[in-house]
Engineer: 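First the structure, then my questions, so here it is.
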2 protein chains.
Amino acid sequence: MERIKENSTNNHNRKFLTTCDMTYAIQLIGGRWKLLILTHLSKGKLRFGELNKKIPHITERMLTLQLKEMAEDNLITRKVYAEVPPKVEYELTVLGTELIPVCLQLSDWGTKHRAATSIG
Amino acid sequence: MERIKENSTNNHNRKFLTTCDMTYAIQLIGGRWKLLILTHLSKGKLRFGELNKKIPHITERMLTLQLKEMAEDNLITRKVYAEVPPKVEYELTVLGTELIPVCLQLSDWGTKHRAATSIG
DNA sequence: CAGTATCCGTTCTGATACTG
DNA sequence: CAGTATCAGAACGGATACTG
């Protein structure tokens, strides 16, 4: 039974359940890295290499993939400078910026939760 | 990779990167369903079957797994009544309740984003 | 510098059938 | 009612080598 498969809109083929706004949002910020990337960009535009340094364990491949998806989803912009060596800057869009409060709340909650459960 | 911890509270072996609180939080609420479950429980305790009805596309298997993890992570409580037929109620803990603002913000953002990108 | 391409193992998720 | 058990496919994520 393959009921919720559709959405393959030519430019990217990720699937979205359209049941509710939160599920939709979760699709966009899911995975281990996107909220982290967003948080780092909240302080201003950054280059690929700068992000790579600020996010300790991410691989170049994952960073590339996540940035690409986020740009497609209009969370960030990607600006390429016609220089040698290449220079690419990433910056939050308005929509991306509006997600920052969520990032901060979640981070705060993480701090509290870790304290409360004495795991960290 | 440095510092990957086994959460050694005996009964589950999920790993947590301790890089930052947000990464930690993402581990706990990751996946497609947990924030959704949390949102539904924010209105009060619910039985397994009630949750199953309120969350349209989830399978019993996924609901079971997610509830189990959330209980282990102290986001919800699981109360079993010694009755026939069985009755189990799930309820938010204090920590789980503190996550509700995040759920609401994310949901609001989802609404706005879907409108802005005209996908929904 | 900022990526791509390829390979491959792990984790996640769904379908289906069964149970105390 | 509230789960378990099992299987299989999809998605995720890492390692490595290569490029405009």
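Chain naming here is simple, since letters A, B, ... match the order of the sequence lines and numbering starts at 1 in each. Any value given below was found using the heavy atoms of this structure, including those in side chains, with hydrogens, waters and symmetry copies removed.
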Engineer: Mind checking if Y81(B) touches a base, just sugar-phosphate, or nothing, with heavy atoms under 4.0 Å?
Structural biologist: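 Y81(B): no heavy atom of the nucleic acid under 4.0 Å.
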
Engineer: Measure from CD1 on I58(A) to C1' on dA2(C) and round the result to the nearest Å.
Structural biologist: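 Roughly 14 Å, once rounded to whole Å.
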
Engineer: Using heavy-atom distances to pick each residue's nearest nucleotide on DNA chain C, tell me which of G30(B) and K87(A) is more 5'.
Structural biologist: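 The 5'-side residue here is K87(A).
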
Engineer: What integer distance in Å separates L63(A):CG from dC12(D):P?
Structural biologist: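 It works out to 16 Å between those atoms.
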
Engineer: Rounded to the nearest angstrom, tell me the gap between atom NZ in K53(A) and atom C1' in dC1(C).
Structural biologist: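 Between C1' of dC1(C) and NZ of K53(A): 10 Å.
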
Engineer: Looking at residues at least two apart in the chain, or sitting in another chain, which of them share a side chain to side chain contact (heavy atoms under 4.5 Å, CB included) with V84(A)?
Structural biologist: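 In terms of side chain to side chain contact (heavy atoms under 4.5 Å, CB included), with neighbours along the sequence ignored, V84(A) is linked to no residue.
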
Engineer: Just jot down the side chain to side chain contact (heavy atoms under 4.5 Å, CB included) partners of L104(B), sequence neighbours excluded, or say none.
Structural biologist: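 L104(B) satisfies side chain to side chain contact (heavy atoms under 4.5 Å, CB included) with I100(B) only.
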
Engineer: What's the CG-P distance between L65(A) and dG3(C), to the nearest Å?
Structural biologist: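 After rounding, the reported distance stands at 11 Å.
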
Engineer: For a side chain to side chain contact (heavy atoms under 4.5 Å, CB included) with I76(B), tell me which candidate from L95(B), I37(B), L38(B) qualifies.
Structural biologist: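 Among L95(B), I37(B), L38(B), the one that satisfies the side chain to side chain contact (heavy atoms under 4.5 Å, CB included) with I76(B) is L38(B).
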
Engineer: Figure out the CD/P separation between Q66(A) and dT4(C), and round it to whole Å.
Structural biologist: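 Rounded to whole Å, this separation is 14 Å.
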
Engineer: Taking the six-membered ring of Y24(B) as reference, does the NZ or CZ atom of R114(A) fall below 6.0 Å from its centre and within a 45° cone about the axis?
Structural biologist: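 Yes, R114(A) lies over the aromatic ring of Y24(B).
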
Engineer: Dot-bracket notation for DNA chain C is requested: 5' to 3', Watson-Crick or G-U wobble pairs only, both distances under 3.5 Å, with ( ), [ ], | and . as defined.
Structural biologist: ||||||||||||||||||||

Engineer: Atom pairs under 3.5 Å, N or O on each side, protein against nucleotides 16-20 of chain D: can you list them with distances?
Structural biologist:
none

Engineer: How many Å lie between NZ on K68(B) and P on dT13(C), as a whole number?
Structural biologist: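 Computing the K68(B):NZ to dT13(C):P distance gives 16 Å.
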
Engineer: Is any side-chain N of the basic residue among E89(B) and R78(B) closer than 4.0 Å to the acidic one's carboxylate O?
Structural biologist: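 Salt bridge: no.
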
Engineer: When you get a sec, tell me which of dT4(D), dT13(C), dC1(D) is the closest nucleotide to the side chain of T64(B)?
Structural biologist: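 Selected nucleotide: dT4(D).
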
Engineer: Could you give the side-chain donor-acceptor pairs of residues 39-49 of chain A under 3.5 Å, partners two or more places apart or in another chain?
Structural biologist:
| from | atom 1 | to | atom 2 | distance (Å) |
| --- | --- | --- | --- | --- |
| T39(A) | OG1 | L35(A) | O | 2.8 |
| S42(A) | OG | T39(A) | O | 2.5 |
| R47(A) | NH2 | P86(A) | O | 3.3 |

Engineer: Under 4.0 Å from any atom of DNA chain D, heavy atoms only: list the residues of residues 39-48 of chain B that qualify, in numerical order.
Structural biologist: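 R47(B), F48(B) - these, ordered by number, are the residues of the stretch whose heavy atoms sit under 4.0 Å from the strand.
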
Engineer: If you only use heavy atoms from C-beta on, which nucleotide in dT13(C), dG13(D), dC1(D) is closest to the side chain of M62(B)?
Structural biologist: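 Of dT13(C), dG13(D), dC1(D), dT13(C) is nearest to the side chain of M62(B).
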
